[in-house]
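A quick write-up on the structure given underneath.
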Amino acid sequence: MRPILSALVLAIPILIALASCGVVKQGAGAGDDGGPSSTSAATSATLGERAVPGYILSAEHLSGITPGQPCSVRVTVTPDAGQPAAASLEVWLGTTAYDPTAAVVAATPVPGRTGVYDVTLDLPPSLPVDATVWLRLTSVDGAVLEVGRDAFPLAAR
């Protein structure tokens, strides 16, 4: 009985440590066997939420964050009461410093879900420590909002 108890006492902290750094998948969903993940972060996690004039923007990664691999990002745009809907959403990977030359990717509206967009970003082989997702929202009335810096960081917080 003692060897089993000793093994459990050692295994529990190790499993907790692995889960907290994203090596073990959290939860059980379709196709999730609960086994180890090859990503450096949990399969899906919130990147952040930011209130901007007229909107609340939230972003999450859906595929994990692995340098050199594509990263699927879902963005939800919630207009304040009386605000126009988003006409388009563009997304790019940058750092906390604004880069007007960054490669911008148009996000695709998720069918049947108002204000929800998906986009895939190609992560570089070496992800900067201050890597962040930037968003450019254009409303139907032509207003443009850009949000980034510390709003949607890819690095562990």
Side-chain angles (χ1 to χ4, degrees), residues 18-157:
L18 289 173
S20 69
C21 69
V23 176
V24 176
K25 292 181 182 178
Q26 301 296 313
D32 182 7
D33 62 2
S37 171
S38 62
T39 60
S40 62
T43 302
S44 174
T46 300
L47 295 173
E49 182 175 281
R50 182 61 54 106
V52 296
Y55 301 89
I56 295 176
L57 306 172
S58 62
E60 65 179 312
H61 66 80
L62 303 176
S63 60
I65 300 169
T66 303
Q69 297 295 316
C71 179
S72 295
V73 176
R74 175 161 287 170
V75 178
T76 303
V77 178
T78 307
D80 292 344
Q83 287 295 324
S88 67
L89 182 71
E90 296 171 305
V91 182
W92 68 96
L93 178 65
T95 63
T96 55
Y98 181 77
D99 180 5
T101 64
V104 176
V105 180
T108 305
V110 174
R113 301 201 49 204
T114 303
V116 180
Y117 298 82
D118 284 343
V119 65
T120 299
L121 299 173
D122 291 323
L123 301 182
S126 178
L127 197 60
V129 174
D130 62 345
T132 189
V133 172
W134 284 77
L135 308 176
R136 177 181 299 133
L137 175 124
T138 304
S139 68
V140 293
D141 66 2
V144 176
L145 293 167
E146 290 184 337
V147 181
R149 275 192 228 301
D150 61 349
F152 310 109
L154 284 180
R157 292 181 241 187

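Fair warning: this is a prediction, and the values are worked out from it, not measured in the lab.
Closest non-hydrogen pair, Asp150 versus Pro153, comes out as O-CD, 3.6 Å. Scanning all heavy atoms of the two residues, the minimum distance from Pro79 to Val77 falls at CD-O, 3.5 Å. Minimum heavy-atom separation, Arg74 to Val116: CD-CG1, 3.6 Å. Residues Tyr55 and Ser139 come closest through the heavy atom pair OH-CB, 3.2 Å. Across Glu146 and Trp92, no two heavy atoms sit closer than the pair OE2-CH2, 3.8 Å.
A distance of 6.0 Å separates SG in Cys71 from CG in Leu154, rounded to the nearest 0.5 Å. From Arg50, atom CZ reaches atom CG of Leu145 across 12.5 Å, with rounding to the nearest 0.5 Å. Taking OG1 from Thr78 and CD from Glu49, the interatomic distance works out to 7.5 Å, rounded to the nearest 0.5 Å. Taken from OG1 in Thr120 to CG in Leu62, the straight-line distance is 8.5 Å, to the nearest 0.5 Å.
Contact annotation: the side chain of Leu89 never approaches that of Val119 to less than 4.5 Å [non-hydrogen atoms, C-beta and beyond]. Looking at Leu137 and Leu135, their side chains never come closer than 4.5 Å, going by heavy atoms from C-beta outward. Between Phe152 and Leu57, the closest side-chain pair of non-hydrogen atoms falls below 4.5 Å.
In this structure, the side chain of Trp134 does not engage the main chain of Glu90 through any donor-acceptor pair within 3.5 Å. Under a 3.5 Å cut-off, the side chain of Thr132 and the backbone N or O of Thr96 do not form any donor-acceptor pair.
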Derivation of the side-chain contact (heavy atoms from CB on, under 4.5 Å) call for Leu93 and Leu127: CA-CA 10 Å; Leu93 178 65; Leu127 197 60; 4.3 Å; yes

